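This one's a predicted model, so the numbers in the text were calculated from it and none came from an experiment.
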Amino acid sequence: MTKVGIFFGTDTGNTRKVAKWIHQALGDEQQVAKPLNINRVTVADLLAFDALILGTPTLGEGELPGLETQCEAPSWQEFVPMLDDADFSGKTIALFGLGDQLGYGDEFVDALGELYDRFADTGAKMIGNWPADGYHFTHSAALDGDEFVGLVIDQDNQAEQTSARIEQWISQIKPALGL
Ligand SMILES: Cc1cc2nc3c(=O)[nH]c(=O)nc-3n(C[C@H](O)[C@H](O)[C@H](O)COP(=O)(O)O)c2cc1C
């Protein structure tokens, strides 16, 4: 039985909320664990799962959340150095990122791109690309051609689209997650 873990970083709680909604959208699947803040876990905790759904906001100037971006607690910035020697081959990973396309259109969801690069380097199978249609921005480090490297949520400007985006993305990735 495939086991799926959901982990997130956050500053003001939006990414935690989206992680919970993703968990709910996956339904009653016994194999899906409740979302946990990345500052409460280790690499070994992530490796206990076959598949992972990982979320991050973009803070600072296109950066991962953490003490340097004025978060009150450590977050992804403090976690990613631990990935240097990690081996996630055989694991499947889907990412989601939160950002603000109006306020930060030059660095929209950049941290999603950084998280993608970090985990792709560990040998994981990365899934869950998402079309960039319907977002308005000038630059994003999270693009792979015409698509983002994960689900993009903008609670600042397009919150009314969030639940439909989550539903569609979940139905797209469920088979690859083994659910
Ligand atoms: C100080 C600050 C810097 C931000 N920088 C960016 C950015 O560079 N790119 C972006 O897309 N969004 C940026 N945002 C928007 C956040 O990513 C967005 O509000 C997100 O929903 C916050 O998620 P959280 O509540 O989980 O921390 C920034 C927000 C703040 C407050």
Look up atom [atom1] in [X] and atom [atom2] in [Y], then write down how far apart they are to the nearest 0.5 Å.
X: Ile173; Y: Gln168; atom1: CD1; atom2: CD; value: 12.0 Å
X: His23; Y: Ile170; atom1: NE2; atom2: CD1; value: 10.5 Å
X: Leu36; Y: Arg16; atom1: CG; atom2: CZ; value: 10.5 Å
X: Thr58; Y: Tyr104; atom1: OG1; atom2: OH; value: 10.5 Å
X: Arg165; Y: Phe96; atom1: CZ; atom2: CZ; value: 14.5 Å
X: Thr10; Y: Trp76; atom1: OG1; atom2: CH2; value: 12.0 Å

Less than 4.5 Å apart, side chain to side chain, heavy atoms only: is that true for [X] and [Y]?
X: Phe88; Y: Val43; result: yes
X: Leu26; Y: Ile6; result: yes
X: Leu67; Y: Glu78; result: yes
X: Lys91; Y: Phe119; result: no
X: Phe8; Y: Val18; result: no

Exam field: side chain [X] to backbone [Y], donor-acceptor pair closer than 3.5 Å:
X: Asp110; Y: Ala141; result: yes
X: Asp45; Y: Thr42; result: yes
X: Thr92; Y: Ala51; result: no

Establish whether [X] and [Y] are linked, either directly or via other cluster members, by ILVMFWY side-chain heavy-atom contacts under 4.5 Å.
X: Leu102; Y: Tyr135; answer: no
X: Leu59; Y: Phe79; answer: no
X: Met82; Y: Val80; answer: yes

Heavy-atom neighbours of [X] [atom1] exceed 12 at 6.0 Å:
X: Gln161; atom1: CD; result: yes
X: Lys125; atom1: NZ; result: no
X: Glu160; atom1: CD; result: yes

Can you give me the closest heavy-atom contact between [X] and [Y], atom names plus distance?
X: Pro35; Y: Ala19; value: CG-O, 3.6 Å
X: Gly113; Y: Ala142; value: N-CB, 3.6 Å
X: Ala111; Y: Glu63; value: CB-O, 3.6 Å
X: Thr15; Y: Gly55; value: CG2-C, 3.8 Å
X: Ile38; Y: Leu46; value: CD1-CD1, 4.0 Å
X: Trp169; Y: Leu95; value: CZ2-O, 3.2 Å

Side chain to side chain contact (heavy atoms under 4.5 Å, CB included) between Val32 and Ile53, intermediate numbers included: CA-CA 10 Å; Val32 187; Ile53 299 176; 6.0 Å; no

Is any NZ, NE, NH1 or NH2 atom of the basic residue among Arg118 and Asp84 found under 4.0 Å from an Asp or Glu carboxylate oxygen of the other? yes

Run the numbers on Leu177 and Ile127 for side chain to side chain contact (heavy atoms under 4.5 Å, CB included), then give the verdict. CA-CA 9 Å; Leu177 291 175; Ile127 63 154; 4.1 Å; yes

Under 3.5 Å side-chain donor-acceptor pair for Asn39 and Ser75: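 Side-chain D/A pair, Asn39 to Ser75: absent.
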
For Thr69 and Leu64, run side chain to side chain contact (heavy atoms under 4.5 Å, CB included): C-alpha distance rounded to whole Å, both residues' side-chain angles, the deciding distance at 0.1 Å, then the answer. CA-CA 8 Å; Thr69 55; Leu64 289 167; over 6 Å; no

Ignoring hydrogens and angles, write down the donor-acceptor pairs under 3.5 Å from the side chains of residues 145-156, residues two or more places apart or on other chains.
residue	atom	partner	partner atom	Å
Glu147	OE1	Asn129	ND2	3.3
Asp154	OD1	Asp156	N	3.0
Asp154	OD1	Asn157	N	2.9
Asp154	OD1	Asn157	ND2	3.2
Asp154	OD2	Gln101	N	3.0
Asp154	OD2	Gln101	NE2	2.8
Asp154	OD2	Asn157	ND2	2.9
Gln155	OE1	Thr162	OG1	2.4

Over 60° means perpendicular and under 30° means parallel, so classify the ring planes of Phe49 and Phe7, tilted if in between.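 The arrangement is perpendicular - the two ring planes meet at more than 60°.
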
